[in-house]
Amino acid sequence: MSLWYDSNLILIQSTFISLVFALSIQIPVRWGVLTFGSLGCFAIGGYVAGILTLRTELPQILILLVAVACGGFTSLLLGLLCARLDGMYLAMASLAFDLIIGVIALNGGALTGGVDGLYGVVADIDTATLAVLGLIALAIALYTERGRTGRATSAVRDDPELAVSQGIDVRRYRWTAFLVSGLLAGCAGVMYVRVNTTITPDNIQFGALVVAMTMVIIGGWKSSFGTLAGAIIFTWLPSQLGPFATWQTVIYSALVFLAAVLVPTGAAGVFVTLRGLLRSRRPTPDVEPVPARESAPEPHGVPPERTDGPLLEVSRLAVHYGGVKAVDDISFTVDRGEIFGLLGPNGSGKSTLLAALTRMVQPVAGEFRFDGIDCTHLTPHELGRRGVARTFQAVRLLDDLRVIDNVMLGGDRAWSGHQRPTGADALGALERVGLAGTALAFPGELSYGRQRRVEIARAIVGRPEVLLLDEPVAGMNRQERTEIAALLRSLRDEGMTVVIVEHDVELMVAICDRLLALNFGREITVGAPAQVVAHPAVIEAYLGRQAAVDA
Amino acid sequence: MVQDVLNAMSLASIYLLFATGMGLVWGTTGILNFAHGSLFLSSIYITHVVAQHLTVSIFGALVIAMLVGAALAVLLYACGFGVILRRVQDRSSAELQLLMAGIGFDGLLVALIAHNTLSEPFGLSETTFRTSTYEFLGAYVTDIRIGVILLAVALTAAIGIWVRKARSGLAMRAIGVDPETSALMGVNRGRMTLGVMAVSGALGGLAGVFLVYVSASVVPTSGTNLLIKGFAIIVLGGVGSMLGVVVGAVTLGVAETVINTYTSGSWVNAVAFGLIFLVLLLRPQGLFGRTEVRRV
């Protein structure tokens, strides 16, 4: 054992360095921030640690902290420079940043040692310290992959707009991604210079990034354990290649290409798929529809203090797209505990109105108050945290998360009452929409109508004050529609306020307490459902002038 | 002064050939081809190898390089990008995969060449072409520099006119704006995209041969640097704008010549990289780019 340990010491130590560096790439990518700035931050960490060790008498732990902090700071700076960039633009810009750091290292004169780099940096680090640093990095990665943070990072990556509506501050996650990536990369740089006693411009070439990316991509970028596996495999593989060692880069590049084209989720993705196949042989969990429960078992949490007056007041709201007045001078109020319907033909401004109320679009005029507080200028995620929940016109579920996690996302940040909803609450919400037994399925395995119901479960799990529904029964059959109508009534009876946009006039008349009819962005009439649908202007808007005359 | 202008213009012309191909693919398919630098490098390398065994004139070298560039680009699309675009559902995970496939393909070609050349510089001194130097307004200029300027101007103008005026040019722009609708309007998207890739690779090959004749040799890592420069040029001009590519290439050529003349040369690569940040901060859509209109 000890002989093996001694003869493989460099590889063992390199594994931890690779792990930390690979995670500094994997974490931002998994959060949807396609930055490759890690290489530059790795260089900063390594050079700062090297220079401080060679030129000062500072204690090693202090040098480690300073170098890691420099990595994090540089990464934040990069994030600031690239604040408006996404996707490939961000990837290329961050790569340019890496190359600039390389040019600086090359031209740093005596400070960075120019082409020769720094050497003779006294090695003063033991494997245990490296292991601890590696485990800390892995712990951070795993923490951000699981539970509440994991759900949030999935949402931020796959559907930022959805994330915002669930009360997640997307920009804060972006900054955190840059910071964590920079800190880890800086740490990897320090570890590297300690173990190798040298760092040169050659070590911070693009090729180093490709090796680390090989670990991330082949291991599976959505899984931190996958990255761990990748780090181990690709640190040890070169020593096993024997006569093929000179082909290392060729082999790695070919693997990255093949993985990107054929198995984008990497080894971890294959593992998950295989496990899924094995599971599916066993008896499947009950996914038969269960009729929606008429009433809740018990409302969870204590309702917040109520103030008097209407819950939602909209006054003279207007949204324009260029010259198109999508919503023009709309005013209405919604009382507590009522179901308020927005009715109108296609293009009448219903969805835009809903978008304005959730702050997805910026109104040009007017304001709206929620619970007496002006919310016209709140950021969308702040609004999400104030008890405004919504569903979308098209299904927006996160395909990577199980149904139960999709539902829990709704209660992670946005909830009314005193307590964050638990898994049991999420199961309860699923049961209420008639989907008990589907908790462990993935959204892609459910029918369209059921996916819509998962969305409703996600919206109600946090017991919002007001629920905004955008065509909730589209794509559902008659039976399902009846169940949803019953569910909405029971939610109202528990005190929830519902604003609903829907084309199914019959359903709207049946469940709404009041209706607002819109056409061309303007109000036609507002009032009791029966009166609204009998209004000549409403009939004209829906069926044309002749029908209105005939009526 | 005249000397500096000539140097800047010939450098800009090589950049222009390289970036036009890259921008063409980016503007029409939305793919940032990360392997474009390796197409450029591979065409030089294969031409170099062929010239070791056969007698190759400058025209032969240009033809070989263009064929190699085009063939590799088509191969990359057929086995890589095309497969990803067919299989992937949403655009955001496609971006990571396209980028990774490009990086993998790029790394594969560069590593193969580095393995065969032992990372030593290589060039096209085996071809029969020898540059001749002329005196022009007190400046010395080689025929190859004049040639690349003329060719770059002519080719860019031709492509610009083709994209604007020809039916197939319109079809190409259409798949850039809305692939599905243009497919419904009878544009053969697959064939069109392969064609664009082939043209792009051929332009990369052209740029490669001229760069080697002007600067004598390249090393396996030349491709990545040039890739970032191509990115800088396109970003500066604005994605999808031919005029933008021209202005971007000239700007970078002039800036690098100035830096080369007045400082020690090793900072020169930082110019392009710094330019990227400057543009992205001040005018993210580029000089001639359109701002994208997003609907709710």
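The sequence lines fix the lettering, A, B, ..., with proteins before strands; numbering per chain opens at 1.
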Checking [X] against chain B: side chain, backbone, both or neither under 4.5 Å from a heavy atom?
X: A:Leu106; value: neither
X: A:Met213; value: side chain
X: A:Leu258; value: neither
X: A:Leu78; value: side chain
X: A:Val210; value: side chain
X: A:Tyr252; value: neither

Give the member of [options] that has the highest number of heavy-atom pairs under 4.5 Å with chain B.
options: A:Thr352, A:Val256, A:Ile217, A:Val250; answer: A:Val250
options: A:Phe97, A:Trp247, A:Trp221; answer: A:Trp247
options: A:Leu262, A:Ile251, A:Leu209; answer: A:Leu262

Going by the angle between their ring planes, with limits at 30° and 60°, are B:Tyr77 and B:Phe81 parallel, tilted or perpendicular?
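Ring orientation of B:Tyr77 relative to B:Phe81: perpendicular.
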Just say parallel, tilted or perpendicular for the rings of B:Tyr45 and B:Phe122, cut-offs at 30° and 60°.
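Because their plane-to-plane angle is over 60°, the rings of B:Tyr45 and B:Phe122 count as perpendicular.
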Salt-bridge test for A:Arg157 and A:Asp400: reply yes if a basic N is under 4.0 Å from a carboxylate O, no otherwise.
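A:Asp400 and A:Arg157: salt-bridged.
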Go through the atoms of [X] and report whether side chain, backbone, both or neither lie under 4.5 Å from a heavy atom of chain A.
X: B:Phe105; result: both
X: B:Ile276; result: side chain
X: B:Phe34; result: side chain

Could you walk me through whether A:Phe178 and A:Trp31 pass the ring pair (Phe, Tyr, Trp, His ring centres under 6.0 Å) check?
CA-CA 10 Å; A:Phe178 274 106; A:Trp31 293 18; over 10 Å; no
